[in-house]
Amino acid sequence: MGILEKIAEIEHEISRTQKNKATEYHLGLLKAKLAKYRQQLLEPTGKGGAKGEGFDVMKSGDARVAMVGFPSVGKSTLLSSMTSTHSEAAGYEFTTLTCIPGVISYNGANIQLLDLPGIIEGASQGKGRGRQVISVAKTSDLILMMLDAGKSDQQKMLLERELEAVGIRLNKKPPNIYVKQKKVGGVKFTNTVPLTHCNEKLIMHVLHEYKIFNADVIFREDCTIDEFIDVVQGNRVYMTCLYVYNKIDQISIEEIDRLARMPHHVVISCEMNLNMDYLLEKIWEYLALVRVYTKKPGNAPDLGPEDGIILRGGATIEHCCHALHRSIASQLRYAIVWGTSTKFSPQRVGLTHKLDHEDVVQIVKK
């Protein structure tokens with residue numbers, strides 16, 4: 001029996017098992033087995049034949065955004081309208097057969113936008129080059145899930161299920177669970193909060209399924225058994241996702257209002273160029289980039305449209321120094337900062353000071 005058959009069998013078993021106190025251990029074991037088989041499917045251990053051709057796209061710019069969606073939802077049209085790159089768009093499915101990169105220039109930052117081929121149901125198992133598409137999406141900073149506003153919400157659920165199956169968790173934080181394997185001493189289990197979704201016996205069952213017999217496990221929040229399996233696997237990617245509903249010119253205003261009010265949702269029309277500026281603002285917000293300006297002693301700061309350094313959200317003076325030159329951080333005496341990140345402006349700060357958007361920084365070396 002192949003891995004795909006085993007996965008289908010376990011999924012069928014889970015679907016027909018009632019959820020109650022008596023079956024929770026059985027379900028926990030099945031979920032652990034399912035996660036193991038899916039891992040084997042993604043990373044085959046055998047030597048196998050020649051590798052298939054992947055989408056080799058060089059990472060460029062300050063951030064990377066990947067568009068994921070079913071065929072013919074408007075991914076290529078969106079790329080053509082937001083960047084100077086032309087991606088072929090036509091009235092039939094699978095017009096795009098490879099990954100096409102484009103660059104969005106916004107707030108002085110260059111954001112790489114990837115137009116990926118449409119994925120189909122069963123992509124996580126390798127159907128229709130789905131595995132290559134999803135592996136490129138894993139390397140990006142933000143996923144734009146393109147959806148057709150005229151179709152049902154089922155499309156969103158199917159796409160989420162495909163991404164969940166390969167270890168991508170959308171708009172979730174990593175669970176606060178600590179697991180460390182040891183050489184000897186058995187399993188030591190502690191929890192700092194009351195657990196309602198799982199207990200020590202169930203966690204022991206899951207660990208034994210993974211052949212882990214000596215480990216320290218600490219639960220610092222009330223997590224489910226699925227989240228614990230994610231921590232044990234250790235290869236999950238937690239990503240932010242923006243759900244973009246295209247073709248809103250084909251539906252009623254009430255439906256547009258309902259979709260637009262849902263969390264992490266943006267409604268647009270590529271054909272009629274509706275709400276595109278708001279989508280750009282949301283992409284910038286979700287990427288959490290900050291732009292910092294530099295200043296020479298005795299001179300005015302450089303505040304031009306092409307000036308400034310693009311850093312990730314939560315970046316410190318040390319990150320700013322590394323962006324300028326790798327030797328500056330070791331030579332830094334102090335920095336003077338003007339902006340919203342300081343209590344008073346200007347303020348003398350050290351390497352660990354966190355910067356806000358549009359702060360002005362002056363570096364003073366030893």
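Because the structure is predicted, anything quoted here is derived from the model rather than measured.
The environment of OH in Tyr278 is sparse: at most 12 heavy-atom neighbours from other residues, nucleotides or ligands sit within 6.0 Å. More than 12 heavy atoms of other shown residues, nucleotides or ligands fall within 6.0 angstrom of atom NZ in Lys31. By the neighbour-count criterion of 12 heavy atoms within 6.0 Å, atom NZ of Lys188 is sparsely surrounded, having that number or fewer from other residues, nucleotides or ligands. With a 6.0 Å radius and a threshold of 12 heavy atoms from other residues, nucleotides or ligands, Arg348 has its CZ atom at or below the threshold.
With respect to the salt-bridge test (charged N to carboxylate O, under 4.0 angstrom), the residues Arg236 and Asp230 qualify. The pair Lys247-Asp148 meets the salt-bridge criterion, with a side-chain N (NZ, NE, NH1 or NH2) lying under 4.0 Å from an Asp/Glu carboxylate O. Using a 4.0 Å cut-off between a side-chain N of Lys or Arg and a carboxylate O of Asp or Glu, Arg161 and Glu164 do not qualify as a salt bridge. The pair Arg312-Asp62 does not count as a salt bridge, with every side-chain nitrogen at least 4.0 angstrom from each carboxylate oxygen. Taking the charged nitrogens against the carboxylate oxygens, Glu9 and Lys6 have no contact shorter than 4.0 Å, which rules out a salt bridge.
A donor-acceptor contact shorter than 3.5 Å links the side chain of Glu221 to the backbone of Asn176. Between the side chain of Glu227 and the backbone N or O of Thr224 there is at least one donor-acceptor pair closer than 3.5 Å. The backbone N or O of Lys343 sits less than 3.5 Å from a side-chain atom of Gln347, completing a donor-acceptor pair. For Asn107 (side chain) and Ala109 (main-chain N/O), no donor-acceptor pair under 3.5 Å exists by modelled atom type. Counting only distance, with no hydrogens or angles, the side chain of Lys75 and the backbone of Phe70 share a donor-acceptor pair below 3.5 Å.
In terms of heavy atoms, Gly185 sits closest to Asn214 at N-OD1, 3.4 Å. Closest approach of Asp356 to Val292, counting heavy atoms only: O-CG2, 4.2 Å.
Under the 3.5 Å distance criterion, with hydrogens and angles disregarded, a donor-acceptor pair is assigned to the side chains of His353 and Ser341. Looking at His26 and Thr23, their side chains never bring a donor and an acceptor atom within 3.5 Å of each other.
Between Tyr243 and His264, the angle of the ring planes lies from 30° to 60°, which puts this pair in the tilted group. Ring geometry, His265 versus Tyr245: the interplanar angle falls under 30°, so the pair is classed parallel (tilted spans 30 to 60°).
Ring centroids of Tyr178 and Phe219 are separated by 6.0 Å or more, keeping the two rings apart.
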